[in-house]
Amino acid sequence: MDLIDTFAVVGEVVSWIGLGFGIPLLIIAGMIALAEGRWDRVDIAVIERADETIVRWFAGGDFHERPLAPREDIGDGWHRGFVSARNPGHARVNPPVLRRLFATLGVVFAGIGAIGFVVSMIPAFV
């Protein structure tokens with residue numbers, strides 16, 4: 001087995017691993033995108049009340065508010081938030097990262113798999 005065949009075998013293994021992980025991750029990212037819908041940016045106001053901190057925003061032609069969860073650690077004042085396009089009454093103070101995480105990992109793995117596929121095809125042209 002010469003050097004070209006070794007590259008072809010390594011490229012074949014890398015393509016199976018990369019595409020085997022990348023395509024399902026991209027499918028999961030697409031399913032999350034379909035389930036969540038679009039998140040639009042909106043200005044939110046964080047207000048300290050007597051016993052709780054609330055978040056207020058204007059979306060969908062109406063004002064909305066909800067209590068700030070303890071894990072959402074932001075200060076008083078104006079901030080950039082994200083509101084669901086399907087339900088303007090549902091807002092986040094942090095950007096949605098799960099879909100982006102799966103999409104990024106899927107693109108990286110699928111790209112590595114595509115490069116491995118190209119490398120595995122070298123003996124066919126040489």
Side-chain angles (χ1 to χ4, degrees):
M1 190 147 95
D2 61 348
L3 186 62
I4 300 271
D5 291 335
T6 304
F7 277 132
V9 170
V10 170
E12 180 91 18
V13 171
V14 168
S15 70
W16 279 104
I17 292 172
L19 293 174
F21 282 112
I23 292 173
L25 286 171
L26 288 172
I27 291 171
I28 291 171
M31 290 170 49
I32 291 172
L34 285 175
E36 281 187 344
R38 191 179 78 241
W39 289 91
D40 298 327
R41 288 184 176 214
V42 67
D43 290 327
I44 60 171
V46 179
I47 302 167
E48 191 74 37
R49 281 200 179 156
D51 59 344
E52 69 180 348
T53 305
I54 64 167
V55 178
R56 290 184 176 170
W57 67 95
F58 181 80
D62 199 11
F63 283 100
H64 306 277
E65 74 175 40
R66 70 169 175 85
L68 190 66
R71 70 179 184 279
E72 299 172 326
D73 187 28
I74 59 174
D76 291 348
W78 288 94
H79 298 278
R80 183 66 84 183
F82 299 90
V83 65
S84 172
R86 292 182 184 166
N87 181 10
H90 186 200
R92 294 178 167 178
V93 295
N94 298 319
V97 295
L98 190 61
R99 174 182 10 179
R100 189 174 6 180
L101 173 72
F102 278 104
T104 302
L105 287 174
V107 167
V108 167
F109 276 110
I112 290 170
I115 291 169
F117 178 75
V118 169
V119 169
S120 71
M121 297 301 292
I122 289 175
F125 300 109
V126 176

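Note that this is a predicted model, so its numbers are computed, not measured.
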Heavy-atom nearest pair, A103 first then A29, reads N-CB, 3.6 Å
Among Ile, Leu, Val, Met, Phe, Trp and Tyr joined by side-chain contacts under 4.5 Å, find the other residues sharing a cluster with L68 and list them by chain and number.
-> V42, I44, V46, V55, W57, I74, V83, V93
Just distance, no hydrogens or angles: give the donor-acceptor pairs under 3.5 Å from side chains in residues 13-27, sequence neighbours left out.
residue	atom	partner	partner atom	Å
S15	OG	G11	O	3.3
S15	OG	E12	O	2.7
W16	NE1	E12	OE2	2.9

With sequence neighbours excluded, what pairs up with E48 under the salt bridge (Lys or Arg N to Asp or Glu O under 4.0 Å) test?
-> none
Find out whether R99 and E36 are in side-chain contact, i.e. whether some heavy atom of one side chain is under 4.5 Å from a heavy atom of the other.
-> yes
Which residues satisfy the ring pair (Phe, Tyr, Trp, His ring centres under 6.0 Å) test with F7, sequence neighbours excluded?
-> none
Nearest 0.5 Å, what's the CZ-CD1 distance between R56 and I47?
-> 4.0 Å
Heavy-atom closest contact (D40 atom, R38 atom, distance) = OD1-NE, 2.8 Å
Expected list for residues 104-126: side-chain donor-acceptor pairs under 3.5 angstrom, two or more places apart:
residue	atom	partner	partner atom	Å
T104	OG1	R100	O	2.7
S120	OG	F117	O	2.7

Sequence neighbours left out, what passes side-chain hydrogen bond (donor to acceptor under 3.5 Å, both in side chains) with R80? Give chain and number order.
-> D43
For D5, check side-chain hydrogen bond (donor to acceptor under 3.5 Å, both in side chains) against everything at least two apart and list the hits.
-> none
Remaining members of hydrophobic cluster (4.5 Å side-chain criterion), V97 = none
Which residues share a side chain to side chain contact (heavy atoms under 4.5 Å, CB included) with A35, sequence neighbours left out | none
Residues 72-100 vs ring-ring contact (aromatic ring centres under 6.0 Å, His included), sequence neighbours excluded, gives W39-H90
Apply side-chain hydrogen bond (donor to acceptor under 3.5 Å, both in side chains) to R86 and list each qualifying residue two or more places apart in sequence or on a separate chain.
-> none
Any idea which heavy atoms bring P67 and E52 closest together, and the distance?
-> CB-OE1, 3.7 Å
Which residues pass the salt bridge (Lys or Arg N to Asp or Glu O under 4.0 Å) test with R49, sequence neighbours left out?
-> E65
